[in-house]
Amino acid sequence: MENSKNTLKKEGAGDIWLILPIILITTVFMFISRAKILPVYIQGAYWTGGAEIDIDMFVYWKKMFFMAVTILGSLFLISEAAVGKTGIQKHKVYIPMAVYCIFVLLSFFFSPYKSLASTGANGRLEGTWVLICYMLITFFAMNAVKSDKSVKIICICFAVSCTLLGIWGVLEKFAGVKITSLPEFLYYPASIRDSVNVTQNGMVGYVEWFFTNMNYTSFFMVIPISIFAMASIGAENIKFKVFFAALTGLIIFNLFGASSLGGIVAVCCAAVMGAVVFGFANLKKWAKSIAVILVFAVIATAASVPSLKNEFKSTLAMDNESAPAVETAENAVQKEESISLFS
C-alpha cells in the first residue's frame with residue numbers, strides 16, 4: 001500500500017499542470033456572470049410569466065466556460081497520453097459512464113424537441129452536451145489528478161474562491177453590495193445594455209443566485225461546508241484548523257442567506273449521516289475540533305436570524321395561501337362525486 005502511494009506521488013510530481021481545468025472550474029467558474037438574451041424554450045409554462053425572452057445572468061456563460069474547459073482539457077490529456085507524456089488509467093467505471101452517454105445521446109436523437117434537449121430548459125441549460133461533459137470531466141479528473149499535492153492544490157484554490165464568495169455574501173448582506181454595484185460593462189454586453197435592465201429578472205443578489213436559483217445555490221453550499229468542516233477536523237496546524245472552521249461558518253452564513261430551507265435540511269442531514277458513518281468513538285476524539293466548528297456555526301446562525309425568520313414566515317405564508325386552494329379543490333371533487341351518485 002505504501003509503495004503504491006509513493007509511486008502515485010512520483011508519477012504525479014510532474015503532472016501538476018494537468019489539473020488546471022479543474023482549478024478553473026472550481027474557481028473562475030463560480031464568478032462568471034454576464035447577461036445573455038435567450039429565447040424561452042418552454043412557452044406557456046407558469047414560471048416564465050408569459051415572457052418570450054429570458055435575460056440570463058448566471059447560467060449561459062458558465063455553461064459555455066465549463067464545456068470549453070472540459071473539452072479542451074480532455075483533448076489535451078488524450079494528446080499527452082498519445083505521445084507518452086502521461087497515462088490513461090484502465091478502469092471498469094468507464095463502462096457505466098459510456099452507457100450513460102449512450103442513453104443521453106439516444107434520448108436526444110429520439111426526442112421530438114431536439115432544440116430543448118440540446119440546450120436544456122431556461123435557468124438550467126443542462127442539455128445533452130452538458131450531461132456528456134459531466135462524464136468527460138469525471139474521466140479527465142480520474143486521469144489528471146495523480147498525487148496528494150494535486151488534491152491539496154485543488155482544495156486550496158477552491159477554499160480561496162469560496163472565501164471570496166463568502167466575503168461577497170457578507171458585503172451583500174450588510175453593505176448592500178450587488179452586481180449593480182460593479183461597472184456595468186462587466187456584466188452587460190454593449191449590444192444589449194440599452195435594451196434590458198439587470199433588475200428586470202430580480203437576480204441582483206449574486207451569492208444568493210449565482211447558480212440561477214436559490215435552491216440550487218443552497219444545495220451547492222452543502223459541498224464546501226462538508227469539505228471545510230472535515231478539513232478543519234483533520235488539520236493538525238491550529239491556524240489551519242481555525243481557518244477552515246471559520247470558512248465553514250462563512251459558508252453556513254451564505255447558506256442561510258440563500259433563503260432556501262432545502263439546503264438547510266440537506267446540511268443537517270449531511271451532519272447526521274457523518275455522525276453515523278464515523279461513529280461515536282471518532283466524534284469523541286474530534287470533540288475539540290467539532291467545538292471550534294460549532295462556535296463559528298453559532299455565530300453564522302446568530303448573524304442570519306433575520307433571514308431565517310423571513311424564510312420561515314414566507315414558507316408558512318405559502319402554505320396558508322395554498323391551503324384554501326387545496327380545500328376548494330377537494331370540495332369541488334366531493335361535490336362532483338355527490339352529484340354523480342344522485343344522477
Side-chain angles (χ1 to χ4, degrees), residues 26-35 57-58 62 156-188 197-229 231-232 239-268 271 291-318:
T26 55
T27 54
V28 176
F29 174 86
M30 292 198 291
F31 296 95
I32 295 174
S33 178
R34 191 165 176 79
M57 286 292 296
F58 303 114
K62 279 186 174 73
I156 290 170
C157 291
F158 184 57
V160 170
S161 62
C162 285
T163 301
L164 294 175
L165 190 68
I167 293 172
W168 192 343
V170 172
L171 292 175
E172 276 190 350
K173 187 70 176 177
F174 297 110
V177 177
K178 305 289 185 182
I179 287 180
T180 48
S181 304
L182 302 175
E184 201 173 55
F185 71 87
L186 290 175
Y187 55 86
Y188 261 0
N197 190 310
V198 69
T199 58
Q200 287 179 354
N201 62 359
M203 299 181 185
V204 292
Y206 186 82
V207 177
E208 182 177 356
W209 289 97
F210 79 97
F211 266 139
T212 195
N213 181 292
M214 58 181 67
N215 293 314
Y216 307 154
T217 298
S218 65
F219 282 119
F220 160 79
M221 288 184 180
V222 176
I223 299 172
I225 287 170
S226 303
I227 292 174
F228 298 141
S232 178
K239 292 181 180 178
F240 285 116
K241 188 177 290 291
V242 173
F243 168 75
F244 283 116
L247 186 52
T248 302
L250 188 62
I251 303 300
I252 288 173
F253 173 80
N254 284 281
L255 169 66
F256 292 147
S259 302
S260 171
L261 288 178
I264 297 172
V265 171
V267 79
C268 292
V292 175
I293 295 170
L294 288 175
V295 168
F296 287 101
V298 169
I299 294 172
T301 304
S304 304
V305 168
S307 298
L308 293 172
K309 282 184 177 179
N310 291 335
E311 175 58 23
F312 282 111
K313 283 181 181 178
S314 63
T315 303
L316 290 173
M318 288 175 63

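Just so you know, these numbers come straight off a predicted model, no measurement behind them.
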(message) In the structure I gave you, are the side-chain heavy atoms of Trp168 and Leu164 within less than 4.5 Å of one another anywhere?
(response) no

(message) Going by side chain to side chain contact (heavy atoms under 4.5 Å, CB included), name the residues that satisfy it together with Val28, two or more places apart in sequence or in a different chain.
(response) Leu24, Ile32, Phe65

(request) Would you please test Met30 and Cys162 for side-chain contact (heavy atoms from CB on, under 4.5 Å) and show each step? (result) CA-CA 9 Å; Met30 292 198 291; Cys162 285; 4.2 Å; yes

(message) Checking Phe219 now: which residues fulfil ring-ring contact (aromatic ring centres under 6.0 Å, His included) with it, not counting sequence neighbours?
(response) none

What are the two closest non-hydrogen atoms of [X] and [Y], and how far apart are they?
X: Ala303; Y: Phe174; answer: O-CZ, 4.3 Å
X: Ile252; Y: Ala300; answer: CG2-CB, 4.0 Å
X: Phe31; Y: Ser161; answer: CZ-O, 3.3 Å
X: Leu255; Y: Ile264; answer: CD1-N, 4.2 Å
X: Leu250; Y: Thr163; answer: CD2-O, 3.8 Å
X: Phe296; Y: Ala245; answer: CB-O, 3.5 Å

Report the distance from atom [atom1] of [X] to atom [atom2] of [Y], rounding to the nearest 0.5 Å.
X: Lys62; Y: Met57; atom1: NZ; atom2: CE; result: 9.0 Å
X: Ser226; Y: Ile251; atom1: OG; atom2: CD1; result: 11.5 Å
X: Thr26; Y: Ile223; atom1: OG1; atom2: CD1; result: 12.0 Å
X: Ile293; Y: Leu247; atom1: CD1; atom2: CG; result: 11.0 Å

(request) Could you tell me whether the side chain of Thr27 and the main chain of Phe158 form a donor-acceptor pair under 3.5 Å? (result) no

(message) Given 3.5 Å as the limit, does a donor-acceptor pair link the side chain of Ser232 with the main chain of Phe228, or not?
(response) no

